[in-house]
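Just so you know, ligand 1 is whichever comes first in the structure, and atom 1 is the first atom listed for that ligand. If you read the sequence from its start, that first residue is 1, and numbering goes on from there. These numbers come from a predicted model, not from an experiment.
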Amino acid sequence: MKKIIAINSGSSSFKFQLFEMPSEKVITKGLVERIGMDNGIFSIVVNGQKHKEILEIPSHKEAIEMMLEKFKEYNIIDSIDEIDGSGHRVVHGGELFPESALVDQKVIDDIDSLKELAPLHNPANLTGIIAFQQLMPNKPHVAVFDTSFHQSMPESSYLYSLPYDYYKDYGIRKYGFHGTSHKYVTHRAATLLERPVEQLRLITCHLGNGASIAAVKGGKSIDTSMGFTPLAGVTMGTRTGNLDPALIPYLMEKTGKTAEEVIDIFNNESGLLGVSGFSSDLRDIEEEAEKSNPRAELALEVFANRIHKYIGSYATRMNGLDAIIFTAGIGENSDVVRAKVLQGLEFMGVYFDEKLNNVRGEEQFLNHPHSPVKVIVIPTNEEVMIARDVMTYGIEA
Ligand code: ADP
């Protein structure tokens with residue numbers, strides 16, 4: 001039996017989950033927020049009970065030390081030596097990491113070298129890794145990349161129609177993100193469908209604040225909606241998704257903004273927020289749409305319509321389809337979005353049963369029993385994937 005910790009660290013926060021492996025039992029989980037700011041917040045769930053404290057948390061290293069102290073305080077462990085390894089979500093692995101990696105100096109340097117591609121995320125992820133390395137120098141630490149699962153895409157999917165040298169010289173291509181989630185639901189779908197993953201053509205819809213769709217054939221990602229950055233693809237909470245790039249100089253001229261400011265609007269003021277004019281949170285949009293607020297109804301239509309079109313496109317790319325999977329905050333919870341996305345897909349063998357759609361956060365089939373294409377809600381679990389990879393790449397390797 002091993003104790004493995006999975007970490008997802010951002011610039012001022014990190015989430016943790018401590019697993020018992022290989023049983024995959026969650027021993028404890030929690031969240032540290034406002035690192036380096038006033039009034040840091042430490043939250044932890046112990047035996048199903050949530051505890052929250054406000055304290056000063058100057059740095060990631062101190063946040064991790066504090067978390068380990070709290071583990072002792074709550075009798076979760078007696079000493080840090082009981083933790084057998086740590087796993088870390090890293091947003092960008094570029095082409096360097098087609099799979100997870102046991103951390104050594106070269107891996108650290110490589111993650112650092114990719115910061116140009118993910119300036120907000122990779123440095124924060126690396127901070128967490130280095131802090132764990134210092135605190136647990138003799139234990140394995142494994143980096144798990146959001147991009148890895150999509151490294152199986154063929155060149156025809158990942159290449160932009162730009163001069164080819166830009167790919168060679170600058171690494172400009174589609175990378176794709178949310179890979180750990182797409183991979184988790186892919187394997188879970190194969191289990192639920194009772195079929196070998198090698199035989200399946202799936203479309204996995206990860207719909208959270210960030211959203212991406214993947215075409216998964218034989219267990220491998222062959223296309224995905226996010227691109228060089230997580231701005232591309234479908235409409236998201238605050239991100240545009242795909243649009244005509246000629247809009248950038250046009251908007252710069254009209255508004256007097258710089259390119260950076262325009263991209264900031266595409267990232268932070270667009271999507272559901274931009275179209276609705278009041279919120280990026282789908283729950284708020286649904287509530288207003290219930291009251292027939294036209295902008296809320298429009299935001300819902302725009303959001304669902306983009307996903308709907310990707311389904312048609314990816315079914316074509318795979319020459320057919322066996323199942324559509326919904327996951328993440330919206331995919332797991334929003335019957336409204338699922339119903340809109342699935343409307344009018346009978347022509348391609350998707351017979352969706354509205355009566356089964358009233359489900360939140362649990363695994364469920366949404367199709368009529370004889371529907372040639374199945375539809376399944378599968379709550380994602382990126383943390384357990386990270387813990388599994390610590391076992392595979394760090395402990396059993
Ligand atoms: P993140 O990308 O930040 O991890 P999540 O996967 O948590 O995002 O998804 C957040 C989205 O899920 C929000 O738009 C939120 O409104 C939506 N959501 C969460 N619960 C529900 C619900 N019960 N009904 C509809 N939407 C929901």
Once rounded to the nearest 0.5 Å, what's the spacing between atom OG1 of Thr180 and atom CD of Glu382?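 Thr180 OG1 to Glu382 CD: 6.0 Å, rounded to 0.5 Å.
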
Nearest 0.5 Å, what's the CG-CZ distance between Leu231 and Phe177?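 Output value for this atom pair is 10.5 Å.
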
What residues come within 4.0 Å of ligand 1, counting heavy atoms only?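 Heavy-atom contacts below 4.0 Å: Gly208, Asn209, Gly210, Asp281, Leu282, Arg283, Glu286, Ala328, Gly329, Ile330, Asn333, Ser334.
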
Do [X] and [Y] have side-chain N/O donor and acceptor atoms under 3.5 Å apart?
| X | Y | result |
| --- | --- | --- |
| His206 | Thr204 | no |
| His150 | Ser221 | yes |
| Arg317 | Ser156 | yes |

Per the ring-ring contact (aromatic ring centres under 6.0 Å, His included) rule, what does the pair list look like for residues 271-324, sequence neighbours excluded?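 Qualifying pairs, neighbours excluded: Tyr310-Tyr314.
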
